[in-house]
Amino acid sequence: MQVSRRKFSLGCGALTLSFLVQSEFKLLTPENAKAQNIPFQNLTQDQALLIDILGDAIVPGANAAGLSHFIDHQLSANDKDNLLILRYLRVNPPFNDFYLSALTACETAIEKRYNKKITDLSEAELSEFIPLIMQNNPEGWLNAPPAAFFYFVLRSDAIDVTYGTRAGFDTLDIPYMAHIEPPRNLGIKS
Amino acid sequence: MKPSHEKVDILIIGSGAAGSLMAAKLSKTGKNVILLEAGPERGLNDLVSSQIQARRLKWSGDPVEETGSQPIGNVFNSGYGTGGSALHHYAVWPRLHEEDFKVKTLYGRALDWPINYDDLRPYYDKIQEEVGISGDHTTEVWRPKGMPYPLPPVPAFQQSEVIAQGFRKLGKTISPLPLALNSRDYNGRPGCLWDGWCDAGCPTKALANPLARYLPEAIKQGCKIIHHATVTRILTDKSGKKAIGALYHNKDGMKITQRASMVILAANAIQNPTLLLNSAEGGLANSSGLLGSYIMNHAAALVYGLFTPETEPYMGATGGQMLNQDSYDNKDKRKAGFGSYQWMIAQAIKPNDLLGFGGSNPGLYGKKLTEFMTDAAQHFGTMTGCVEDLPLEENRVTLSTNKNKYGMASAKVHHTSHKDSYALWQGAKQEGLEIFKAAEARQAWNGPLGPMHIMGGTVMGDRAKNSITNSYGQCHDIDNLFIAGAGLFPTSGGVNPTFTVHAVTLRSADYITQNWSSIT
Ligand SMILES: Cc1cc2nc3c(=O)[nH]c(=O)nc-3n(C[C@H](O)[C@H](O)[C@H](O)COP(=O)(O)OP(=O)(O)OC[C@H]3O[C@@H](n4cnc5c(N)ncnc54)[C@H](O)[C@@H]3O)c2cc1C
Ligand code: SF4
């Protein structure tokens with residue numbers, strides 16, 4: 001599969017991202033984007049893995065819901081249409097610096113403490129690491145927003161993709177009752 | 001040469017709550033009215049039911065720098081584009097109380113309004129008839145004098161029934177929450193469906209946002225609205241005592257002069273002073289030196305709980321279902337701090353977003369979070385205290401060293417709560433937990449201080465020495481320059497501001513109509 005470019009367009013009043021896949025644009029949910037292995041535009045493969053593993057440990061289900069594809073997609077969104085929770089939290093767009101510096105700090109902190117990459121952490125190690133970042137900057141967490149703030153932001157993004165959609169409401173057995181149905185794909189087109 | 005448009009009678013800046021009401025009332029008198037809106041055009045079809053998509057309605061003009069211990073949360077608390085913040089506001093519309101207008105006289109602190117409740121009362125009554133508020137004046141025992149609500153109260157779903165028991169056990173009173181949304185069809189607008197999507201903007205017109213109520217009226221009467229029109233300066237004649245129009249930049253960045261016989265600034269409590277500070281050395285209409293001062297923010301006292309019975313927390317309106325104002329009058333009689341607060345009880349809640357139940361307990365993660373989400377979806381309860389913020393001169397808008405692409409300095413806003421307002425918020429939080437415990441919550445906890453509703457910054461008063469405008473929003477220094485919106489409030493009270501914004505704006509519109517020739 002070759003992705004040569006993507007663009008933003010407005011459909012049904014909602015921001016949509018389109019990937020050109022084999023010269024055709026298709027709509028994708030974040031989980032479909034993940035399943036189809038759509039290449040990232042802003043994140044490296046390692047950063048995306050970190051988001052998915054840590055995000056899923058905080059909010060189970062976030063990985064399958066396509067958390068890293070959602071964040072990657074939104075890092076390309078224009079400031080006015082950005083859907084990341086960060087815009088509420090007194091951080092001005094663009095948000096790349098925030099995520100990229102926090103992810104680097106997180107990678108370094110994990111390596112310092114466990115001498116491993118996040119992919120090699122055991123469940124027990126991961127559950128030990130999360131409360132650490134909730135409180136303080138662990139050793140190696142440098143040149144980045146405070147770890148506790150990053151935890152809050154990643155947790156909120158993960159709750160958005162996991163529970164903030166019709167599929168997420170269904171999991172919780174809550175009626176969605178939309179007046180105007182949002183795009184199922186959270187705006188991601190492929 | 002800069003392009004310029006034909007002179008109009010009235011130029012209004014900002015299409016939110018105040019701007020759209022002004023436009024409707026003044027265009028009705030046959031005046032030629034133009035409305036400039038910095039943000040994009042939005043229609044009812046853009047109001048997609050999703051807490052994630054709703055973020056597109058938020059402020060995305062120049063970034064506002066925030067300092068102080070309790071920053072104002074500008075992006076969450078402001079809108080951008082057609083209808084402004086009011087497009088996705090929650091329509092909780094109680095009145096201010098008599099005391100709120102005379103805090104200085106009664107208690108020797110804060111400020112007085114240059115008017116009394118009785119001056120506003122007929123305007124509250126008229127607006128509620130035009131807009132359609134649902135409520136019950138007989139059970140709302142704290143309500144100051146006024147006509148009964150035109151619509152029956154909103155229904156109480158399980159969540160409010162469960163929480164109400166706590167209030168009753170502690171001998172407190174509760175009443176349906178007055179909401180500017182239709183409990184049944186009213187004046188051609190449909191009844192509410194109780195689905196809790198108000199924060200994403202109500203597209204059915206059940207809720208009285210500007211697109212549902214006053215903007216269509218203004219446009220029908222000939223008012224022209226231009227979007228993507230960012231005003232960067234108010235223009236005056238050489239004397240500096242008469243406004244002659246405004247400069248704005250359109251979507252393509254072109255600088256345009258719009259001349260007018262009268263200018264009305266309705267660009268929200270932060271952007272109004274920012275524009276005036278950018279319009280003259282030392283600020284336009286600033287002989288008092290107080291331009292930008294007395295910025296206020298209600299402190300939200302957030303109370304959350306899990307209950308044993310099912311609460312249907314997804315049912316109802318985002319604003320809530322019930323009201324308690326036992327801690328409102330006699331501002332000096334609180335257990336802690338000074339001022340007034342009210343409880344807005346049983347907000348319809350979604351799983352995600354800042355106000356969603358998923359965010360209510362950020363310490364939970366992993367399996368415990370999954371269990372909590374499943375439990376909360378059926379058993380969650382919440383209420384919010386709207387806590388008065390005393391006005392402080394040092395809580396103010398000044399200009400940042402950052403400039404936008406048009407050379408206009410952006411806003412810097414400092415806000416630290418008065419120590420007595422902070423103590424009041426702490427006392428309210430504590431009381432909230434006691435009420436939830438009395439309601440037999442299995443667990444009850446508080447959220448952090450959430451800022452809501454931005455007020456002040458261009459306060460009204462009786463003299464040019466202590467305020468920016470008179471009681472009509474007319475600038476003391478410039479007769480044909482008016483300000484509208486919550487920025488005029490000298491005190492915040494402990495109620496949501498938008499009903500009062502409407503009443504004050506309607507009073508100003510009447511004054512402008514009656515005194516047009518002498519003002520211009
Ligand atoms: C999430 C939320 C919930 C709320 N819920 C309630 C509630 O339940 N009850 C209640 O009473 N209040 C509520 N409010 C507050 C309410 O929305 C405001 O009090 C009200 O909208 C203020 O009206 P305004 O006309 O002063 O400003 P706004 O409605 O904000 O309108 C100002 C407009 O001016 C435009 N503007 C700004 N700068 C410029 C410029 N330079 N040039 C041109 N245009 C410009 C903006 O884009 C905006 O459209 C809520 C607000 C929010 C954000
Ligand atoms: S709950 Fe009622 S007022 Fe709110 S969006 Fe739905 S229909 Fe509109």
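Every chain is numbered from 1, with letters handed out A, B, ... down the list of sequences. Keep in mind the model is a prediction, meaning the values are calculated, not measured. Scope of the values below: all heavy atoms of this structure, side chains included, with no hydrogens, waters or symmetry mates.
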Where on [X] is there a heavy atom nearer than 4.5 Å to chain B: the side chain, the backbone, both, or neither?
X	answer
A:Asp173	both
A:Tyr163	both
A:Leu89	side chain
A:Ala57	backbone
A:Arg90	side chain

I need the residue from [options] with the largest number of non-hydrogen atom pairs under 4.5 Å to chain B.
options	answer
A:Thr171, A:Asp157, A:Ile159, A:Asp79	A:Ile159
A:Pro131, A:Ser127, A:Gly168, A:Ser156	A:Pro131
A:Met177, A:Arg166, A:Arg155	A:Arg155

Give, as side chain, backbone, both or neither, the part of [X] having an atom under 4.5 angstrom from any heavy atom of chain A.
X	answer
B:Gln378	side chain
B:Leu44	backbone
B:Asn77	neither
B:Thr204	side chain
B:Lys367	backbone

Query - Stepwise side chain to side chain contact (heavy atoms under 4.5 Å, CB included) check, A:Leu83 with B:Gln53 - result: CA-CA 6 Å; A:Leu83 303 179; B:Gln53 303 289 333; 3.9 Å; yes
Query raised in the report: CG of B:Asp195 to OH of A:Tyr176: how many Å apart, nearest 0.5 Å?
Result: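 It is 10.5 Å, given to the nearest 0.5 Å.
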